[in-house]
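Just so it is clear: chains get the letters A, B, ... in the order the sequence lines come, proteins before strands, and each one is counted from 1. The figures that follow rest on heavy atoms only: side chains count, while hydrogens, waters and symmetry mates do not. Just so it is clear, the model here is predicted, and its values are computed rather than measured.
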Protein chains: 2
Amino acid sequence: MTMNAAGGRRRPPTIHDVAREAGVSRGTVSRVLNGGHYVSPAAQEAVNAAIRRTGYVVNRHARSLITGRSDSIGFLLTEPQERFFEDPNFNVLLRGCTQALAAHDIPLLLMLAGTEDERRRITRYITAGHVDGVLLVSSHSGDPVAEQLRGAGVPLVACGKPIGLGSKVSYVAADDRDGARDMVRHLLSLGRRRVGMVTGPLDTPGGVERLAGYKEVLAEAGLDFDERLVVSGDYSRASGEAGAERLLAQAADVDAVFVASDLMAQGVLAALQRAGRRVPEDVAVGGFDDSPAALASRPELTTIRQPWDRISAEMVRVLLAQIGGEDPAAVILPTELVKREST
Amino acid sequence: MTMNAAGGRRRPPTIHDVAREAGVSRGTVSRVLNGGHYVSPAAQEAVNAAIRRTGYVVNRHARSLITGRSDSIGFLLTEPQERFFEDPNFNVLLRGCTQALAAHDIPLLLMLAGTEDERRRITRYITAGHVDGVLLVSSHSGDPVAEQLRGAGVPLVACGKPIGLGSKVSYVAADDRDGARDMVRHLLSLGRRRVGMVTGPLDTPGGVERLAGYKEVLAEAGLDFDERLVVSGDYSRASGEAGAERLLAQAADVDAVFVASDLMAQGVLAALQRAGRRVPEDVAVGGFDDSPAALASRPELTTIRQPWDRISAEMVRVLLAQIGGEDPAAVILPTELVKREST
DNA sequence: CATGCTTCTGTGAGCGTTCACAGTAGAGAA
DNA sequence: TTCTCTACTGTGAACGCTCACAGAAGCATG
């Protein structure tokens, strides 16, 4: 007369069942579940055995109801869907964050805000307290969502420095300027003297910093800044392709290009090939990100590695700390030059 | 003496507050919240107004505690992380599913099971009842996770026909065989007579079906099946590249290739270009999926469109139906030939 | 007038936890 | 002995919701 026939779900054991099984009280079981302080080793052991025997799993809803925490966090991506489809960096970040959160047994809620409407829905969801905190990925400018959430008191960590520094927002970013410097120095060390750049969006700190690094190194090498050598893009492959075309038109003697993202660098590669320039013989190309796309390119891209694993791990660490009551923090991680075939 | 100073969160209104505000009982508010049956229009209106005034949002944990439902579903991807990083189809699917779920106000929990260890952790999480159902994406073979979850009574919908049909599992798939037929007919209509194929993994129904469609059309055109014209891959770009090389070595006179995924087709394109074959002049190339990668290829890929939006919408629909008590179902969706530059 | 039906409403109980508090036992100090 | 302190344990009361049930009101039917 059992209920656990295949297909039907038996009523799962509660903390009460475990307590009875272990011969202790609910309180003791709860204490074991939450760190085991002030519990005798004997009780500790008895409870653990009972948990194993009964197959007990905590009911997160009951716990959340009383603690007020949801023990889940949201991963919010406020990018148009084309960017999400095109750029594997998001996947890398997503993977890193789920992994880092898994270590804390915290599930990740995926929130894709491609449209204004979705943004509103999601903001409402988050401010309603359905998640304890938010990992925000939004390379784009003028994104009011960070301000809104922060204003509502929602713990928040952004990937990359957000625009509005007004209300202090935590963020984790790679050292964009230093990475840019490394790449441009590398290009110069190859003997190139007409080094162009395809920048990222210049209304974002990341885009600005990478350009600043480029300028710095040119100056330090005693090279004049030539604005015909600089065109701007939006990190997308198409903008890289268009940028390279403009670059070739404005400065036909370009012999190296520093491109602010690997995706754009793929576009640059395509445009150069179409124009009959050999890479790296005629033009050396350096990317940024060390995205999976860098290895898929032909030739394989020399690039600046963003330490994605560390970035996601730090994002999670900082967010959890903030949920725990700590102040917002900014973390800057070092980059690394990865030499491949394109330079 | 208010508590809602910036940064601090005020205790949110409960159903009780709304009831008092509206001059009705908790029960009535609850009924309005859950469909509004057996509620007078007057009460209905009063409650809605009170909800608006108080800014009430339901506490999902309290609800879940009593209903036993979590009102959340898991998106489970059991693929090695390289596949997740490389293939934008996953992103498209992810986007479609979050969107379809958003309409029901159901959050999506992202579960990436790249390793055996993660698979175990996630399986435990799911069978513990922390989600109401699972959207499973696992093109790969011998995946025991579907069986395990189904055996545990977890509502499940797979993307693509799963291997083990034993315990009936719901799935939504495109009509692989028909899509393959369309593509091969298209290639033949171009006058090509030495049509090769790079198959998908032949331990998956999708891989087998696409090959079957290819064979069928050759037979129907009175062409002999030449096994030197067929090589197999695993849907990855690298395997497409390697496959094309083998194909060229085995059958140098190949004048068209049907490739079982757009990603592999990108690899094929690269290999053909390297071998000095022009596409489509010397060799026509047809892909499968209509992945975002198809448009990013040079030349742009002719391909078979999988109706991703409908696929994800159907996955969600079937899953919710199953959670609601309906029987598992299989849905096959039609594909469409999309002609672009590569043929 | 009683009876039944339908439509609507309020109330108490309880979902499975955690938390605060009260209490017990044992050790050591006065 | 008595007291204090520490280490541990049990208990009742929430948390905010839904559900079952009891009942009220209105209306038609016998």
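Rounding to the nearest 0.5 Å places CZ of Arg63(B) at 8.5 Å from CD1 of Ile15(B). With rounding to the nearest 0.5 angstrom, the OG atom of Ser170(A) is 11.5 Å from the CG atom of Leu136(A). To the nearest 0.5 Å, atoms CD (Gln148(B)) and CZ (Arg124(B)) are separated by 11.0 Å. With rounding to the nearest 0.5 Å, the separation of CG in Leu77(B) from CZ in Phe84(B) is 6.0 Å. Atoms CD and CD1, from Gln306(B) and Ile311(B) in turn, are 4.5 Å apart once rounded to the nearest 0.5 Å.
In this structure, Tyr38(B) places its OH atom 17 Å from P of dG10(C), rounding to the nearest Å.
The side chain of Ser40(A) places no N or O atom within less than 4.0 Å of a non-bridging phosphate oxygen (OP1 or OP2) of dA7(D). Phosphate contact (OP1/OP2 of dC15(C), side-chain N/O of Ser64(B), threshold under 4.0 Å): absent.
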Readout for nucleotides 18-27 of chain D: B = base within 4.0 Å of protein heavy atom, S = sugar-phosphate only, - = neither; 5' to 3' it is B---------

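Remark: the backbone N or O of Gly114(A) is paired with a side-chain donor or acceptor of Glu118(A) at under 3.5 angstrom.
Five base pairs at each end of the helix from dC1(C)-dG30(D) to dA30(C)-dT1(D) define two local axes, and these are offset by 60° (rounded to 10°).
Picking from dG10(D), dT9(C), dG16(C) the nucleotide with the shortest atom distance to the side chain of Leu65(B) gives dG16(C). Which of dT9(D), dG16(C), dT9(C) sits closest to the side chain of Thr14(A) comes down to dG16(C).
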